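Each ligand, and each atom within it, is numbered from 1 in the order the structure gives. Please read all numbers here as calculations on a predicted model, not as lab measurements.
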Amino acid sequence: YYSKKNQRKWMFWSTRLREEQRQRDTIENGLRRALKEDEFFLEYQPQFSRCGSVTGLEALLRWRTPDGRLISPATFIPVAENSGLILNISEWVLERTCAQLKLWQTQPGMETVRVSVNISPRQLKRSDFIRQTERIVSRSGVDPQRLSFEILESALASDIDDVQRKLSALRDMRINIALDNFGTGMASLTGLRKLGIGEVKIDRSFVMDMERNPDHLMAIRAMIAMCQALGINIVAEGVEEETQFSALCDMGCHRFQGWYFSRSQTPDRLVHLFS
Ligand code: C2E
Ligand code: MG
Ligand code: MG
């Protein structure tokens with residue numbers, strides 16, 4: 001039986017669900033247009049060594065709509081992933097990154113800069129992922145050793161044999177593999193070794209509250225110890241404070257990415273870091 005109160009609740013939820021669906025549809029249509037009308041661009045966030053030199057860049061996707069609004073990847077990537085549009089978008093991201101690397105080859109100080117690209121779980125699953133990567137990279141004429149692919153730790157959860165085959169093919173191409181948002185998934189010691197992971201990125205959520213949450217501090221310590229034992233590079237993500245930086249240094253972390261050092265930048269604003 002429906003009480004008045006329940007009925008009101010149900011109305012509330014169904015209205016809200018409809019509203020959320022409508023928003024997703026709007027974003028999805030916007031994304032289709034964005035691909036056609038070239039509304040995407042890339043920014044690059046530098047990663048630093050302990051002594052402050054740039055060790056690499058992460059390509060981060062940006063979307064500016066015709067009315068000038070900047071939409072966060074946190075909003076549109078999930079919609080792109082669900083609708084399958086992520087496949088076309090990812091292709092664009094890799095092509096654009098390679099084109100940028102090609103340009104940087106003639107930029108003094110940036111000739112050998114390395115760039116990480118985020119790989120979506122759906123992209124990793126597709127059967128022609130390797131062939132497509134080979135095609136884009138070889139057409140661009142860029143040395144694959146300057147590329148790193150960031151795979152979400154959560155993407156390792158499904159069909160591990162398929163993932164292993166693909167990561168091994170990437171390694172054969174000399175593309176580096178980094179595990180993104182490390183610590184939030186289930187990657188095991190043996191898994192990291194078997195998959196030939198060259199680098200892990202400690203998730204921002206651990207760094208964010210490491211000074212207040214002893215469990216997270218301990219988790220970071222354990223992750224660093226584990227990676228050191230396996231000879232895997234460690235990057236700490238989301239470093240915002242000097243105190244986080246120095247604590248991470250003390251724990252043996254060697255590479256850092258975060259607003260304390262630099263936000264993501266358009267290519268023209270990056271140049272000064274390398275000159
Ligand atoms: P991610 O790969 O973990 O990238 C790091 C995110 O943390 C970026 O957010 C970056 O701007 C942000 N960040 C960096 N340093 C700090 C810091 O010190 N404090 C805080 N609060 N945030 C920091 P962004 O650019 O909004 O991207 C969010 C996520 O969207 C990325 O997380 C990645 O999963 C996804 N994404 C971005 N670009 C692409 C892409 O080209 N392809 C795919 N598939 N996903 C992408
Ligand atoms: Mg990433
Ligand atoms: Mg991350």
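Sorted by first and then second residue, the ring pair (Phe, Tyr, Trp, His ring centres under 6.0 Å) pairs involving residues 158-208 (not counting sequence neighbours) are Phe206-His216.
For the residue pair Asn118/Glu58, the side-chain donor-acceptor check at 3.5 Å is satisfied. Inspection of the Ser148 and Glu199 side chains reveals no N or O donor paired with an N or O acceptor under 3.5 Å. Side chains of Ser90 and Gln123: a donor on one and an acceptor on the other come within 3.5 Å.
Listed by chain and residue number, Asp38, Phe40, Leu42, Leu61, Arg96 satisfy the side-chain contact (heavy atoms from CB on, under 4.5 Å) test with Trp92 (two or more places apart in sequence, or in another chain).
In the displayed structure, Arg174 atom CZ is contacted under 6.0 Å by at most 12 heavy atoms of other residues, nucleotides or ligands. Annotation: Arg193, atom CZ; neighbour count of heavy atoms from other residues, nucleotides and ligands within 6.0 Å does not exceed 12.
In terms of heavy-atom proximity, Cys249 sits nearest to Arg50 at O-NH2, 2.9 Å.
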List, pair by pair, the atoms of ligand 1 and of the protein that are both N or O and lie under 3.5 Å apart, giving the separation rounded to 0.1 Å.
unit_1   : atom_1 : unit_2 : atom_2 : d
ligand 1 : 2 (O)  : Glu58  : OE2    : 3.0
ligand 1 : 2 (O)  : Asn118 : OD1    : 2.9
ligand 1 : 2 (O)  : Asp180 : OD2    : 2.9
ligand 1 : 3 (O)  : Asn181 : OD1    : 3.3
ligand 1 : 3 (O)  : Glu237 : OE2    : 3.2
ligand 1 : 15 (N) : Gln45  : NE2    : 3.1
ligand 1 : 15 (N) : Trp259 : NE1    : 3.4
ligand 1 : 18 (O) : Trp259 : N      : 2.8
ligand 1 : 19 (N) : Glu240 : OE2    : 2.5
ligand 1 : 21 (N) : Arg204 : NH1    : 3.0
ligand 1 : 21 (N) : Glu240 : OE2    : 3.0
ligand 1 : 25 (O) : Arg62  : NH1    : 2.8
ligand 1 : 25 (O) : Arg62  : NH2    : 2.9
ligand 1 : 38 (N) : Leu61  : N      : 3.1

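The aromatic rings of Trp63 and Phe76 lie perpendicular to each other, with more than 60° between the two planes, well past the 30° mark.
For the Mg ion (ligand 2), the neighbouring protein N/O/S atoms at less than 2.8 Å, given as residue and atom, are Glu58 OE2, Asn118 OD1, Glu150 OE1, Asp180 OD2.
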